[in-house]
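Keep in mind that the numbers below use all heavy atoms, side chains included, and drop hydrogens, waters and symmetry copies.
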Amino acid sequence: MGAGGSPSAGRTRWREPAPLLEDILNLGYLARKLLDNRCRLVSRLQNFAQPRTGNIDVLAFSIGDCTDCYQEFSMIQRIKLHAPRACLFGVLLAALAGCDGGDDKPRQPQATTFETPALQASNLPQEPVTGTVAAVPGTDNTPPQTSGGEATAIAPQRSEGEAAPIAKAVTRFTEIAPDENGGAGFKSSTAYAYDLGNLVAQMSDDSVAFTSPITIITPIKGWVRYPENTIDPAVAAPDKYPVVIFEHGNHNNADPSYQGYDYLAKDLAEHGYVVLSIDANAINPNDKLSQSRAQLILGTLDRMRQIDGFGQIDLGGNSGKLDPLKGKLDFTRVGIMGHSRGGQAVANTIVFNKTRRGVKDADLKSALLAKPNSYATSYPDLAAAIIPAATGKPATIDDAKFAAAVTKYNIFNAQGSEASSYDFKAAFMLAPTDFAGVTGLDHVPLASLLPSCDGDVSNLQGARAFDHNRFGPLDDTTPRYQILHRGANHNFYNTVWSARDSIQNTCKFTRSYLNAEEQRRGGLFIINSFMRYHVGGEQKFASYWNGLAQLPKPACPFGKASCDERIVLTVQKDAARSKLIQRFDDTGSMTQNKLGGAVTFGSFDKTQRYGMPSGGDTAKWELPLLDGFGDIKSLADHVELAWTKDGPTITNDLAGISAEGFDSLTFRIAVAQPVGQEVLVTLTDGKGKSATVTASEFTDALYNFPRPKGDGRPMVDHPADTPLIGDTFVNVLSMVAIPLKAFDSIDTTNLKELKLAFPKEWGKVAITDIELQNLGRDNPELAPATAATDGSPIEGTFTPTLAGK
């Protein structure tokens with residue numbers, strides 16, 4: 001049973017002398033592996049040979065041209081030593097000796113053709129995982145779709161010798177995104193039901209200090225699918241497969257909720273990914289803040305990491321159904337997706353992954369003594385380990401019986417701060433809760449999907465999760481996304497959650513809601529293309545996730561060839577790929593923008609700035625909302641504007657900035673009244689030349705229901721929607737992205753002024769995040785799909801049909 005815990009803030013967690021040799025050997029092996037992979041290790045160890053006791057932060061080393069070795073390097077993120085630095089320097093010298101490419105290998109059994117990475121800086125058992133794994137009848141169905149799966153160009157093509165086509169105006173889309181189902185290269189395994197033991201986890205009502213934690217035991221159970229073999233036998237399988245984890249939310253415990261994402265898992269497995277869907281039902285009655293759910297995600301990954309290193313056996317000691325995954329799991333490419341409270345678990349997982357908040361044997365013993373009846377039904381042998389209180393003596397634990405019970409129930413603890421962190425390349429929050437207002441979700445590509453007809457999480461808490469985390473630290477190279485799925489409800493992404501949750505009034509009135517299969521068509525494309533782009537680095541999805549590609553037909557409702565009005569994407573690039581012109585995060589922002597230029601509001605009846613509140617479901621706006629803005633669910637700092645005469649404007653002095661390195665002007669808007677609005681966007685350069693673009697040519701965010709531009713929309717409300725004027729619409733701040741090339745003949749290296757004008761005769765809108773961004777319009781691969789935990793890009797793409805890639 002693994003021990004572990006989280007150190008108190010600001011304290012050094014010293015180790016006992018016993019693990020010192022292991023640390024030294026690990027560091028020596030690491031150094032040799034860096035050489036074996038032809039990596040260049042540049043040390044920043046000033047005064048290294050001076051005797052000093054303390055922490056050696058391995059991440060302080062720099063690695064140049066080191067791509068193949070990143071997995072090995074990331075295994076040891078921090079090694080804490082009692083030894084003087086001079087001693088450690090000697091170990092490094094010994095490890096770096098013999099640069100003739102010797103054949104030193106980690107001392108692990110090589111039962112497969114794949115090299116097994118050592119499980120270092122961890123408390124994971126150095127042995128196979130014991131558990132039961134069984135094929136699920138009826139899940140080996142429908143052959144993979146091998147055809148298609150590539151993007152389709154929208155721009156006109158010409159044959160060799162044909163005259164060049166006449167140049168067209170800049171268009172919103174550059175291509176049609178790939179059919180996510182197509183181009184499968186693998187046959188998926190059947191779904192396997194796994195039971196790999198029981199995890200000791202904790203939760204607390206205090207999401208910050210984690211005071212008075214409650215200890216629970218939750219099974220490591222669920223379903224798994226993996227690529228069984230390549231469809232073309234002449235094509236070799238890759239050495240390792242990326243890993244994706246799904247976790248459901250709080251639902252009826254009689255329902256096997258984890259089975260409801262099998263349509264996603266099968267599709268990913270057919271494209272070369274190992275996918276696990278976690279059974280979290282044991283947590284449902286307990287954990288509102290989804291902290292133990294996060295530990296369950298990390299604990300499941302720990303079990304899979306142990307399988308990768310040592311394999312899996314059944315209860316009789318025979319090779320198990322998951323043993324073929326030994327040595328084949330790529331923990332440098334991991335994606336996590338959570339639905340509802342599972343979405344909040346994804347947020348907590350990102351935070352917990354940085355510190356590996358752990359649980360110790362002592363925590364379980366204390367919980368057992370405090371509430372023995374909580375464990376007596378499911379784990380009677382644990383309760384039997386209690387030595388009852390006697391006269392003058394409190395109850396205690398019989399250590400031998402406790403150890404025997406731990407073995408019998410295959411119990412292990414959530415790993416503590418000494419365990420390896422995971423290299424998350426994608427985090428997807430599906431209709432998530434956000435009761436705690438979690439922040440610090442950085443250095444991971446992050447997406448939050450909001451169903452517009454969500455009747456369960458009807459306040460769209462995922463919007464606040466996006467808003468609180470949309471701007472990462474300066475060294476964070478990863479993007480953030482918000483996806484508004486119009487007509488979708490909370491439940492239908494999960495096939496087990498078959499009952500429609502209560503629907504928002506406007507969805508009922510307009511009958512814009514999707515049926516279950518239509519909703520899953522869109523969900524499959526959004527979730528799986530996100531994972532394949534960011535986890536696998538499959539660049540064919542880059543254009544869509546940069547806002548440049550049209551949705552493919554299979555992602556649309558039946559009978560629709562295109563449906564971009566259904567899914568409204570907001571993209572926030574990192575600091576190197578964006579330049580903020582204005583957000584409304586302080587009182588001065590009503591008169592001065594982030595460039596130091598003046599901001600003026602013309603002809604509005606009312607203007608009101610609101611700062612972004614912190615916290616979770618009790619968060620309140622700084623000031624009362626203007627009338628008619630109550631159902632904007634975004635918490636981002638913004639300005640709310642109301643007018644009763646056409647033509648009001650927001651003008652920003654751009655102070656002569658250059659847009660070099662950026663390709664798009666973006667801003668976020670929410671239309672509060674009436675159903676649609678138009679925005680005329682004018683850029684003026686330093687020579688006084690201006691160009692105006694109609695924003696609705698480049699977005700579906702300006703009309704509140706899933707109707708495409710046309711018949712006068714968004715300037716004219718559809719007749720079926722006009723009865724809703726005066727009502728409140730559930731909506732969020734969504735992105736408008738206009739290519740800079742659409743501003744014809746403007747000198748974008750010397751920009752003087754930006755004006756947003758509202759030509760409709762009356763209206764109410766909220767605006768924020770006016771900025772320049774590089775969305776990769778000229779080169780979609782410009783923004784890396786994956787990044788190392790230190791913020792640097794990882795070169796290379798997972799290519800499932802080529803061995804060794």
task: Check the pair Asp442, Lys354 against salt bridge (Lys or Arg N to Asp or Glu O under 4.0 Å), reporting the backbone distance first and the verdict last.
output: CA-CA 11 Å; Asp442 49 52; Lys354 299 175 183 180; 3.0 Å; yes
- request: Give the minimum heavy-atom separation between Arg333 and Val535, together with the two atoms involved.
  value: CD-O, 3.2 Å
message: Treating Thr230 as the side-chain partner and Asp232 as the backbone partner, does any N or O pair qualify as donor plus acceptor under 3.5 Å?
response: yes
message: Tell me whether Lys321 at atom NZ has more than 12 heavy atoms from other residues, nucleotides or ligands lying less than 6.0 Å away.
response: no
field: Atom pair CG/CZ of Leu298 and Arg357 - distance to nearest 0.5 Å
entry: 12.0 Å
query: Any side-chain donor paired with an acceptor under 3.5 Å for Asp330 and Tyr241?
result: no
- prompt: Stepwise, does the side-chain contact (heavy atoms from CB on, under 4.5 Å) test hold for Phe525 with Arg520?
  reply: CA-CA 8 Å; Phe525 174 81; Arg520 286 193 285 273; over 6 Å; no
task: Of all the heavy-atom pairs spanning Val346 and Phe428, show the shortest one and how long it is.
output: CG2-O, 4.0 Å
- request: Measure from NZ or CZ of Arg303 to the centre of the six-membered ring of Phe412 and say whether it is under 6.0 Å with the direction within 45° of the ring axis.
  value: yes
- prompt: Are there more than 12 heavy atoms of other residues, nucleotides or ligands under 6.0 Å from atom NZ of Lys221?
  reply: no
query: For His271 and Asn528, does a side-chain donor sit closer than 3.5 Å to a side-chain acceptor?
result: no
task: Measure the acute angle between the ring planes of Tyr481 and His534, then classify it against the limits of 30° and 60° as parallel, tilted or perpendicular.
output: tilted
- prompt: At their closest point, which heavy atom of Tyr194 faces which heavy atom of Ser277, and how far apart are they?
  reply: OH-O, 3.8 Å
message: Less than 3.5 Å apart, any donor N or O on the side chain of Thr332 or Lys240 sitting next to an acceptor on the other?
response: no
- prompt: Are side-chain N/O atoms of Arg225 and Ser189 paired as donor and acceptor at under 3.5 Å?
  reply: no
message: Which heavy atom of Asn413 sits nearest to which heavy atom of Leu199, and what is that distance?
response: C-CD1, 3.6 Å
message: side-chain contact (heavy atoms from CB on, under 4.5 Å), that's the test. Do Asp476 and Asp574 meet it? Break it down for me.
response: CA-CA 7 Å; Asp476 185 356; Asp574 61 280; 5.7 Å; no
message: Is the terminal nitrogen or CZ of Arg480 (NZ for Lys, CZ for Arg) located under 6.0 angstrom from the six-membered ring centre of Phe466 and within 45° of that ring's axis?
response: no
- request: Specify the closest pair of heavy atoms between Ser448 and Pro432, including all atoms of both residues, with the distance to one decimal.
  value: OG-CG, 3.9 Å
message: Apply side-chain contact (heavy atoms from CB on, under 4.5 Å) to residues Phe424 and Thr349 and explain how you reach the verdict.
response: CA-CA 10 Å; Phe424 294 132; Thr349 299; 3.7 Å; yes
statement: The reported gap from CG in Asp279 to CG in Asp195 (rounded to nearest 0.5 angstrom) is 9.5 Å
- prompt: Under 30°, 30 to 60°, or over 60°: which ring-plane class applies to Tyr493 and His339, parallel, tilted or perpendicular?
  reply: perpendicular
Show me the donor-acceptor pairs within less than 3.5 Å that the side chains of residues 180-187 make with the rest of the protein, sequence neighbours left out.
from: Glu180; atom 1: OE2; to: Arg532; atom 2: NH1; distance (Å): 2.9
from: Asn181; atom 1: ND2; to: Asp179; atom 2: OD1; distance (Å): 3.4
from: Lys187; atom 1: NZ; to: Asp140; atom 2: OD1; distance (Å): 3.1

message: Given 3.5 Å as the limit, does a donor-acceptor pair link the side chain of Arg521 with the main chain of Lys553, or not?
response: yes
message: Nearest 0.5 Å, please: how far is OH in Tyr226 from CG in Leu322?
response: 6.5 Å
statement: Heavy atoms of Asn281 and His248 approach each other most closely as OD1-CE1, 3.3 Å
task: Rounded to the nearest 0.5 Å, what's the gap from OG on Ser420 to CG on Leu301? Could you check?
output: 11.5 Å
query: Do Arg356 and Asp302 sit within salt-bridge range, that is, some charged N less than 4.0 Å from a carboxylate O?
result: yes
